[in-house]
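Note sheet for the following structure.
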Amino acid sequence: MDIGFLGQYVVNGLMLGMMYSLVAVGFTLFFGVLDIIKFSHGDVLMVGAFAGLTTFFGLEAIGIESAWIQLVTIVVVSCVLTGILGSMIGKYLVLPLKSAPALNTLLITLMAGTVLRECIRLFFPDGSNPKPFPSLLPSESYSWGNFTLRLDSLMLLIFGTLVIVAISLLINKTKLGLAIRAVAQDGETAKIMGINFTLVVIVTFAIGSGVAAIAGIMNGLYYNEINFDMGLLLGVIGFSAAIVGGLGNIYGAILGGFLFAGLQTFGAVALPFASAYKDVFAFAVIIMIMAWRPTGLIAERTSERV
Amino acid sequence: MAIDGQLEVRDIYTAYDKADVLEGISLNVVPGKITCLLGSNGAGKSTIIRSILGLTPPRAGSISFGDKDLTGLATHKIIATGIACIPEGRKLFPKLSVEENLHLGAYQETSKDVVRQRIEQVFEIFPRLHDRRLQLAGTMSGGEQAMVSIGRGLMGAPKLLLIDEPSLGLSPLFVKETFKIINKINEQGITVFLVEQNVHQTLAIAHYGYVLSKGQVVAEGESAVLAENSEVREAYFG
């Protein structure tokens with residue numbers, strides 16, 4: 001195997017890992033504060049990507065051409081809209097079911113995800129076909145032998161790292177983060193401390209969903225294409241990453257995201273027949289890891305939840 | 001007439017699911033005093049605390065603190081009226097540090113300087129916590145956890161402190177120490193509502209007491225009188 005090709009795969013794997021981690025962090029945050037699985041998360045991500053695309057059309061229409069202004073506006077608008085969507089799901093679909101069995105929450109968010117997906121497919125112009133996503137990042141690239149590093153990939157990786165660092169700081173260093181961790185450990189005692197439980201839950205849903213929107217936009221910028229059902233696989237992968245890392249643990253989610261991407265990439269490189277089986281390979285290994293460590297790689301009792 | 005700083009519980013009925021646990025409880029917690037609530041296991045003592053805090057809101061009756069009606073308020077709004085609680089079993093956040101636990105006690109205080117001052121005050125009362133401020137609360141001994149829990153209850157500078165079974169699971173020596181501290185807290189002007197099973201030591205520091213049995217108040221009075229009440233002693237405390 002040529003070292004240049006290998007480098008290419010590493011960059012690609014890191015990029016995928018970044019997106020998966022950002023999705024998995026949402027799953028782990030929601031589970032942390034409410035002990036629930038929100039299955040609409042992948043579709044919320046998809047809505048984030050489409051919100052970004054719509055913002056792009058809007059900016060083009062009013063004549064704003066600067067790629068940087070477009071990019072910043074797309075990210076901000078998409079994060080805010082998706083954050084609002086996520087907090088509405090939290091407030092109107094998840095919180096009212098707090099005393100119902102967890103299975104009901106799972107079902108209702110699964111249905112909500114289907115509604116979102118079908119709405120985009122039916123109401124977005126030509127929504128059932130893949131939509132080209134604009135390349136807003138510089139297209140320069142640097143080559144060393146067979147290894148080509150695209151500047152846009154590098155920028156996405158740096159941006160993704162910054163988002164992960166920012167979430168970690170938010171959770172560990174701010175008063176809001178302290179409240180989120182308190183609610184995650186013991187919601188009732190958190191209330192006795194004077195924490196507005198409902199507000200913290202809703203804000204957590206907004207944060208997780210905003211981060212998913214970032215993953216959705218990264219996905220669009222990297223592949224230059226988005227699709228109404230892109231959230232399905234990303235959601236399942238993000239969920240698996242969160243579980244395999246140890247649900248409820250942010251670092252576990254990040255680890256799980258990169259692990260899954262690493263497996264996919266390894267599957268694509270190492271399997272002689274076809275890289276088409278990379279997902280099969282990755283999920284099979286995840287199943288084996290789950291059988292070996294049922295509570296995840298970073299088990300909850302040894303690490304801090306959220 | 002509302003008395004400033006007085007907690008008034010008026011004829012509350014509180015139920016889990018359908019079965020009433022509290023059947024028409026009325027009591028007053030007089031400002032500046034220690035009022036205690038005695039009763040055996042399952043009498044409904046903790047349910048009264050849960051009702052006051054809005055965790056299990058009463059289905060009938062009313063609760064007020066000073067001129068504020070607490071009935072039906074969300075817990076964080078009840079805390080905002082100047083009430084704090086040292087819950088049964090301490091209920092620390094096990095995976096947060098001592099300092100983070102203390103910070104949470106003053107969650108509604110917006111001034112960082114005030115929070116820092118209060119943490120220093122807690123460290124003055126419990127110097128051992130200063131050395132352990134970065135330790136995870138879940139890894140500490142029972143006695144140390146009790147200190148954190150008491151400290152956390154003081155962090156919000158409450159007007160009224162609800163204390164639920166502070167002696168539970170502590171060594172006799174530390175129980176004595178705890179009651180001394182509760183007395184000291186009260187001497188600093190904080191009203192205390194103390195829920196306990198430990199009759200003798202509780203009546204020794206309380207001014208007024210209620211006795212609860214099967215969801216109803218069966219006796220009340222000055223603690224000296226309650227301590228002499230032979231019926232109460234025989235019926236509930238052996």
Side-chain angles (χ1 to χ4, degrees), chain A residues 28-29 31-35 91 95-96 98-101 168-204 246-253 295-296 298-306, chain B residues 16-17 46 49-50 52-57 73-97 99-112 115 136-139 145 148-149 151-158 161-164:
Chain A
T28 230
L29 278 176
F31 184 79
V33 290
L34 273 188
D35 284 347
K91 183 169 182 192
L95 273 176
K98 200 153 65 79
S99 48
S168 164
L169 288 177
L170 174 78
I171 298 293
N172 290 311
K173 300 285 178 207
T174 66
K175 194 168 174 180
L176 173 65
L178 184 61
I180 291 175
R181 284 183 292 155
V183 167
Q185 283 182 37
D186 184 344
E188 189 155 272
T189 308
K191 285 183 193 171
I192 298 176
M193 298 298 109
I195 292 171
N196 184 340
F197 178 86
T198 309
L199 185 66
V200 168
V201 168
I202 288 172
V203 168
T204 308
L247 202 53
N249 181 300
I250 282 213
Y251 302 106
T295 54
I298 303 181
E300 210 192 306
R301 83 189 103 83
T302 57
S303 59
E304 187 174 317
R305 180 156 162 186
V306 174
Chain B
Y16 298 109
D17 296 322
S46 290
I49 298 271
R50 293 183 62 86
I52 295 170
L53 290 173
L55 294 169
T56 310
L73 284 189
T75 304
H76 67 275
K77 289 190 177 145
I78 292 173
I79 300 297
T81 63
I83 298 177
C85 174
I86 300 173
E88 182 183 353
R90 299 179 267 294
K91 296 281 168 62
L92 297 181
F93 298 98
K95 289 160 190 166
L96 297 184
S97 71
E99 211 163 47
E100 286 173 324
N101 268 283
L102 293 177
H103 266 110
L104 282 166
Y107 185 77
Q108 294 189 342
E109 176 56 59
T110 45
S111 157
K112 281 184 178 174
V115 174
L136 295 188
T139 64
Q145 291 194 12
V148 180
S149 189
R152 192 178 64 175
L154 295 173
M155 282 296 294
L161 189 57
L162 313 174
I163 310 178
D164 195 356

Has B:Asn101 got a side-chain atom pairing as donor or acceptor with B:Phe93's backbone, closer than 3.5 angstrom? yes
Show me, pair by pair, the donor-acceptor contacts under 3.5 angstrom made by side chains of residues 74-89 of chain B, not counting sequence neighbours?
from: B:Thr75; atom 1: OG1; to: B:Leu53; atom 2: O; distance (Å): 3.0
from: B:His76; atom 1: NE2; to: A:Asn196; atom 2: ND2; distance (Å): 3.2
from: B:Thr81; atom 1: OG1; to: B:Ile78; atom 2: O; distance (Å): 2.6
from: B:Glu88; atom 1: OE1; to: B:Ser46; atom 2: OG; distance (Å): 2.7

Contacting moiety of B:Arg50, where chain A heavy atoms sit under 4.5 Å: side chain
B:Leu55 portion near chain A, given a 4.5 angstrom heavy-atom threshold: side chain
Looking only at B:Pro94, B:Gly156, B:Gly153, the option with the highest number of non-hydrogen pairs under 4.5 Å against chain A is B:Pro94
Do NZ/NE/NH1/NH2 and the carboxylate oxygens of A:Arg181 and B:Glu100 come within less than 4.0 Å? yes
Who among A:Ile195, A:Thr198, A:Leu199 has the most heavy-atom pairs with chain B under 4.5 Å? A:Ile195
Is it the case that more than 12 heavy atoms not belonging to B:Lys112 sit under 6.0 Å from its NZ atom? no
